Amino acid sequence: MRIVIVGGGIIGAALADRLARPGTAEVTLVERDRPGAGTSGASYAWLNANDPADARYHAFRVAALDAWRRVAAEFGGPDWARFAGGTEWAVAEPARDALAERVARLRDLGYPATLTTATRLRDDEPALRPPAGAVIARFPGEGHAHGSAAVGALLARARDAGAAVRSGTPATGLLVRGDRVTGVRTPAGDLAADTVVCAAGWRSPALLATAGAALPLVDPEAPGSSAPGLTAAITPGAGPVRGPVHTPGLDLRPVPGGGLLLEAADLDAATDLATPRADLDARGAELLDRARVLFPDLDARVDRVRRCVRPLPVDGRPLVGPQRPGLYTVVTHSGITLAPHLADLAAGEILGEGAEPALAPYRPDRPPPPPRRP
Ligand SMILES: Cc1cc2nc3c(=O)[nH]c(=O)nc-3n(C[C@H](O)[C@H](O)[C@H](O)COP(=O)(O)OP(=O)(O)OC[C@H]3O[C@@H](n4cnc5c(N)ncnc54)[C@H](O)[C@@H]3O)c2cc1C
């Protein structure tokens, strides 16, 4: 079976890793830039199931954390996928009450979540000093990945299993015969496939449109769109935290080899596709200033400020499944958390092993969500 995967982000890499099976599937992955160059390489990449609002989706994400633990074990505990636990604190109301309530609801769902004290927190995160009076939560089962390194490792294993990875190769369109997708068009020539897998992240709608297929993603170009975001990498001598940390005004997590990745909800929300580079850099400097408030001795500089675009389904849930004969789509928000689990589930469907019940709620052609009440 010939499979062409379009997109070398975390989703395409996890799929290539699961699908490359000598004697069963002949896998080619095409990437317009280089693997990991898209959203996955800039993502905050917190591995979590920290939202209790939708119990079914919460359970799906818990299964995804198990899939990540398995991948991390297979690779011998790499520094690009760590489970050191997550930390969050809140200082003002209503955030304090909301955090305590979320911890209680997550515990009811069986998710490891606990309220703790600044003193006890030092056992897990010795460098952190939450302000007096903060409500502090620990989520011991959570982790973080580092997207570009994870993509590199998964694709290296896929190559070892026989997959071909073509960088600098955009799929400029889908080849269609009747109602069937038969391959992709690239500047280097057509690639025939029994199944094309669209894992092109936020650019997926443009590719799918060439076969008349649509995907309900938030438009990143709309003014004020929530799809574009911002992260900054800083390089101190040694990383002061072990896992993801969420504080009022700053989220941070370690970067392999030393350093931190920073993001903040307000600066992220203020970023769109038209934000000039000078403003992005100013936001990177602001993130570093906020990190210095947390760590007054931090000796660091901003390495890289990146605008990145969420492939954001309008209802926030994954979009996974066949869209035409010969065409299978895997596009999602929280793609770093979900990638290995989605790849495990989707691989069987792509290889013709039957429909996977766990994916039933997440089909791309499901009805749109009802309009929100004002
Ligand atoms: C600021 C921010 C913070 C986030 N934080 C988290 C988090 O904490 N936890 C979490 O789980 N998720 C998080 N996410 C979401 C997560 O990063 C994404 O869901 C995930 O990276 C998407 O992976 P992907 O492989 O689908 O897309 P991408 O990584 O964008 O990969 C798609 C690839 O396809 C390529 N491509 C596109 N079109 C074509 C074409 N026509 N031909 C060939 N190649 C093509 C692109 O170049 C790209 O490399 C965050 C996202 C953002 C923006």
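Both counts, for ligands and for their atoms, begin at 1 and track the order of listing. The analysis underlying the following values was restricted to heavy atoms, covering all of them including side chains, and did not include hydrogens, waters or symmetry mates. Since the structure is predicted, the reported quantities are computational estimates derived from the model, not experimental observations. Quick note: residue numbers are just sequence positions, from 1.
Under a 4.0 Å N-O distance rule, the pair D179/R324 does not qualify as a salt bridge. Look at D281 and R277 and you find a salt bridge, because one of the NZ, NE, NH1 or NH2 atoms lies within 4.0 Å of a carboxylate O, short of that distance. Contact check on R157 versus D160 returns no salt bridge, with no Lys/Arg side-chain nitrogen under 4.0 Å from an Asp/Glu carboxylate oxygen. Salt-bridge formation is not detected for the pair E286/R283: no Lys NZ or Arg NE/NH1/NH2 atom is positioned less than 4.0 Å from an Asp or Glu carboxylate oxygen. Salt-bridge formation is not detected for the pair R105/D108: no Lys NZ or Arg NE/NH1/NH2 atom is positioned less than 4.0 Å from an Asp or Glu carboxylate oxygen.
The distance criterion of under 3.5 Å between nitrogen or oxygen atoms is not met by L338 with respect to ligand 1. Residue G36 places no N or O, backbone or side chain, under 3.5 Å from any N or O of ligand 1. For ligand 1, the polar-atom distance check finds no N/O of L230 at less than 3.5 Å from any of the ligand's N/O atoms. Remark: ligand 1 and H333 share no N or O pair separated by less than 3.5 Å (distance only, no angle test). Considering backbone and side-chain N/O of S40, one or more are found under 3.5 Å from N/O of ligand 1. Any N or O atom pair closer than 3.5 Å counts here, and T231 shares no such pair with ligand 1. Ligand 1 has a nitrogen or oxygen under 3.5 angstrom from a nitrogen or oxygen of I11. The shortest N/O to N/O separation between R32 and ligand 1 falls below 3.5 Å.
Considering A339, G8, A199, S43 only, the shortest heavy-atom separation from atom 5 (N) of ligand 1 involves S43. Evaluated by nearest non-hydrogen atom to atom 8 (O) of ligand 1, the leading choice among W202, W46, W68 is W46. Relative to atom 30 (O) of ligand 1, the option among V6, T39, T332 with the closest non-hydrogen atom is T39.
At least one side-chain heavy atom of P131 sits less than 4.5 Å from a side-chain heavy atom of W89. You'll find the side chain of R120 stays beyond 4.5 Å of the side chain of R138, heavy atoms only. Counting only heavy atoms from C-beta outward, the side chains of F295 and V241 approach each other to under 4.5 Å.
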**Prompt:** How far apart are the C-alpha atoms of T195 and M1, what are their side-chain angles, what is the distance that settles it, and do they pass the side chain to side chain contact (heavy atoms under 4.5 Å, CB included) test?
**Reply:** CA-CA 8 Å; T195 299; M1 181 180 191; 3.3 Å; yes
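The aromatic rings of W46 and Y44 stand perpendicular to each other, their planes meeting at an angle above 60°, with 30° marking the opposite boundary. Classified by interplanar angle (parallel below 30°, tilted 30° to 60°, perpendicular above 60°), the ring pair F139/Y111 is tilted.
Atom 18 (C) of ligand 1 has G335 N, 3.7 Å as its closest protein atom, hydrogens excluded (heavy atom only). At the shortest separation from atom 41 (N) of ligand 1 among protein heavy atoms lies A171 O, 2.9 Å. In terms of protein heavy-atom proximity, atom 22 (C) of ligand 1 is closest to P311 CG, 3.8 Å. Nearest protein neighbour of atom 34 (O) of ligand 1, counting heavy atoms only, is G7 CA, 3.2 Å. Nearest protein heavy-atom neighbour of atom 2 (C) of ligand 1: R310 NH2, 3.6 Å. The protein heavy-atom contact nearest to atom 31 (O) of ligand 1 is G9 CA, 3.3 Å. Nearest non-hydrogen protein atom to atom 27 (O) of ligand 1 is G201 CA, 3.7 Å.
Near P170, with a cut-off below 4.0 Å to any heavy atom, the atoms of ligand 1 are 42 (N), 43 (C). Of all atoms in ligand 1, numbered sequentially from 1 with element shown, those under 4.0 Å from a heavy atom of S334 are 10 (C), 11 (O), 12 (N), 15 (C), 19 (O). The atoms of ligand 1 that sit less than 4.0 Å from any heavy atom of I10 are 23 (O), 25 (O). Residue-ligand proximity, D268 to ligand 1, at heavy-atom distances under 4.0 Å covers atoms 1 (C). Against a heavy-atom cut-off of under 4.0 Å, V30 is close to the following atoms of ligand 1: 43 (C), 44 (N). When each atom of ligand 1 is checked for a heavy atom of R203 under 4.0 Å away, the hits are 37 (C), 38 (N).
No heavy atom of V330 sits closer than 4.0 Å to any atom of ligand 1.
Neither the backbone nor the side chain of A206 has any atom closer than 4.0 Å to an atom of ligand 1 (non-hydrogen atoms only). Only the backbone of T169 comes within 4.0 Å of ligand 1, judged by heavy-atom distances. With a 4.0 Å heavy-atom cut-off, ligand 1 is reached by the backbone of E31 and by its side chain too.
Under 3.5 Å, the side chains of T275 and D272 contain a donor-acceptor pair of N or O atoms. A donor and an acceptor atom, one from each side chain of H146 and R82, are nowhere located under 3.5 Å apart.
Atoms OG1 and CZ, on T116 and R122 in that order, are 11.0 Å from each other to the nearest 0.5 Å.
Listed by chain and number, the hydrophobic cluster partners of L175 come to none, as no ILVMFWY side chain reaches under 4.5 Å of it. Annotation for V293: hydrophobic cluster partners, listed by chain and number, are none (ILVMFWY side-chain heavy atoms under 4.5 Å, direct or chained).
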